[in-house]
Amino acid sequence: MMIIEVKVPQLSESVAEATLLTWNKAVGEMVTRDENLIDVETDKVVLELPAPASGKLVSILKKQGDQVVSDEVIATIDTEAKTDQTEEPASNAAVIDTNVSDKKTIQEKPVKTSIAMPAAKKMLAENNLDVQQTEGTGRGGRVTKADVIRQLTQPKATSAVANNTINSVGDRVEQRVPMSRLRARIAERLVESQSTAAILTTFNEVNMQPVMDLRNKYKDKFEKEHGVKLGFMSFFVKAVVSALKKYPIVNASIDGNDIIYHGFYDIGIAVGSARGLVVPILRNADQMSIAEIEKQIADFGNRAKDGKITLEELTGGTFSISNGGVFGSMLSTPIINPPQSAILGVHATKERPVVENGQIVIRPMNYFAMSYDHRIIDGREAVLTLVAIKEALEDPARLLLDI
């Protein structure tokens with residue numbers, strides 16, 4: 001027998017601890033090297049914890065929902081164990097070491113080895129449910145999405161599952177679910193932002209017709225040439241960078257009693273995911289082409305759905321863009337992402353009557369909102385920055401000519 005330890009990966013210096021989500025393997029099952037054993041959720045991202053070697057999972061020291069720190073041992077693997085048909089199935093006898101400090105304390109208990117389908121696995125993780133405590137009705141006893149929904153809404157007087165509580169009075173059901181680490185961190189940062197910064201918001205309306213015409217004219221050729229669709233966010237990023245170059249205070253941040261002027265443009269792009277809002281960073285956005293921006297944003301969106309965005313990609317940033325318009329938002333006042341000093345909120349583009357040259361015409365209009373920290377950014381700079389963004393989008397040639 002050759003036992004090796006499964007340890008929590010090294011976390012970022014800014015992350016003190018993490019939470020274990022659903023185990024993908026049960027004690028007694030064979031695992032292969034680099035197979036994902038369990039997802040580890042920090043207050044920024046969800047990390048996969050791969051098996052360090054192939055073998056049999058002989059003990060699980062930390063269960064779903066436990067708090068862990070860097071390099072903490074959470075399981076052990078016997079690398080010399082082989083699949084043996086004569087062995088007693090793992091579902092009937094499994095060894096669980098429940099005491100990390102005392103390796104002689106061993107308990108034997110039955111372990112159910114349920115397998116969750118992808119959609120069900122995602123919902124289980126989002127609601128901190130244990131797959132082993134969920135009855136599966138799918139093929140071979142697999143847990144389906146419908147099984148998870150049924151467990152969340154089953155009318156029981158009191159049911160506690162993996163720290164979730166479902167209460168029912170008649171046909172009125174309510175569920176109490178602990179916040180995920182990511183959601184708790186989002187809440188903490190939003191409250192911090194509003195309690196430490198003097199946030200003010202300025203608004204303007206943008207005629208999106210010029211950008212829409214440009215996009216419609218070249219979108220097919222663009223996708224064929226670059227292998228990615230031409231969206232609007234790349235135009236927003238370019239317009240923002242152009243404006244920040246003119247008014248660098250909006251790209252600055254506060255450190256104590258000092259103002260830090262950043263000589264680079266790292267633009268955060270707010271991306272929604274099942275576990276909450278994340279803001280990955282476009283590094284040196286001023287040096288990126290439209291195609292490079294679109295590819296990076298598409299990559300962020302895909303990886304956000306799977307929780308694959310890294311800690312490094314969420315760190316830093318000098319300015320952020322939040323596009324609530326993709327969800328239909330008409331107007332909002334975005335909250336600054338500390339330590340940044342400003343954020344642009346983009347909303348849904350709708351046809352509205354506007355006056356041009358004394359005539360009422362219909363134009364696709366978008367309300368832009370820029371929230372800023374009034375401690376270092378005066379109203380003049382804020383308004384002029386938003387006007388510069390508006391002018392760049394209403395006359396995209398400005399972006400090409402850098403004027």
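Excluded from the calculations below are hydrogen atoms, water molecules and symmetry mates; all remaining heavy atoms, backbone and side chain alike, are included. Owing to the predicted nature of the structure, the values given are computational and were not obtained by experimental measurement.
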Could you please spell out the steps behind the side chain to side chain contact (heavy atoms under 4.5 Å, CB included) verdict for T385 and Y372?
CA-CA 11 Å; T385 298; Y372 58 97; over 6 Å; no
Can you tell me how far CG of N302 sits from CD1 of I309, rounded to the nearest 0.5 angstrom?
9.5 Å
Output, in order, the C-alpha distance, side-chain angles, deciding distance and verdict of side chain to side chain contact (heavy atoms under 4.5 Å, CB included) for E29 and W23.
CA-CA 12 Å; E29 289 188 331; W23 280 95; over 6 Å; no
Please report the C-alpha distance between K25 and E35 in whole Å, then the side-chain angles of each, then the deciding distance to 0.1 Å, and finally whether the salt bridge (charged side-chain N to carboxylate O under 4.0 Å, His left out) criterion is met.
CA-CA 10 Å; K25 289 289 185 178; E35 181 180 8; 3.3 Å; yes
Before you tell me yes or no, could you show the steps for K229 and E223 under side chain to side chain contact (heavy atoms under 4.5 Å, CB included), namely the whole-Å CA-CA distance, both residues' side-chain angles and the distance that decides it to 0.1 Å?
CA-CA 5 Å; K229 292 183 178 180; E223 185 173 0; 3.8 Å; yes
Residues forming a ring pair (Phe, Tyr, Trp, His ring centres under 6.0 Å) with F264, sequence neighbours excluded:
H262
With sequence neighbours excluded, what pairs up with F319 under the ring pair (Phe, Tyr, Trp, His ring centres under 6.0 Å) test?
none
Take S371 and T333, measure what side-chain hydrogen bond (donor to acceptor under 3.5 Å, both in side chains) needs, and give me the verdict at the end.
CA-CA 7 Å; S371 295; T333 54; 5.6 Å; no
Measuring only between side-chain heavy atoms, which start at C-beta, is N24 closer than 4.5 Å to L37?
no
Could you walk me through whether Q340 and T318 pass side-chain hydrogen bond (donor to acceptor under 3.5 Å, both in side chains), step by step?
CA-CA 5 Å; Q340 298 169 25; T318 60; over 6 Å; no
Non-neighbouring partners of E394 that pass side-chain contact (heavy atoms from CB on, under 4.5 Å), sequence neighbours left out
V206, N207, K390
Please walk me through it: do V69 and V8 pass side chain to side chain contact (heavy atoms under 4.5 Å, CB included)?
CA-CA 7 Å; V69 297; V8 176; over 6 Å; no
With heavy-atom distances below 4.5 Å as the criterion, would you say the side chains of I293 and K238 are in contact?
yes
Determine whether I259 and I249 make a side-chain contact, defined as any pair of heavy atoms from C-beta on separated by less than 4.5 Å.
yes
NE2 on H374 to OG1 on T202, rounded to 0.5 Å
10.5 Å
Going by heavy atoms in the side chains, are I290 and F222 under 4.5 Å from each other?
yes
I need the I4 CD1 to T79 OG1 distance, nearest 0.5 Å.
6.0 Å
Within a strict 4.5 Å, meaning less than it, do heavy atoms of the I60 and I74 side chains meet?
no
Any non-hydrogen side-chain atom of H226 less than 4.5 Å from a side-chain atom of K295?
yes
Pair R380 + D378: basic N to acidic O under 4.0 Å:
no
List the atom of V228, the atom of A298, and the distance in Å for their closest heavy-atom pair.
CG2-CB, 4.3 Å
Is the count of non-hydrogen atoms from other residues, nucleotides or ligands lying under 6.0 Å from K245 atom NZ greater than 12?
yes
Checking side-chain contact (heavy atoms from CB on, under 4.5 Å) against I336, which of S193, S341, S320 comes through?
S193
Under a 4.5 Å cut-off applied to non-hydrogen side-chain atoms, are S253 and D255 in contact?
no
If you define the side chain from C-beta out and look only at heavy atoms, does anything of K7 sit under 4.5 Å from V73?
yes
In plain terms, say whether E356 and R363 are close enough for a salt bridge, that is, a side-chain N and a carboxylate O under 4.0 Å apart.
yes
M208 CE to M365 CE distance, which is reported to the nearest 0.5 Å:
10.0 Å
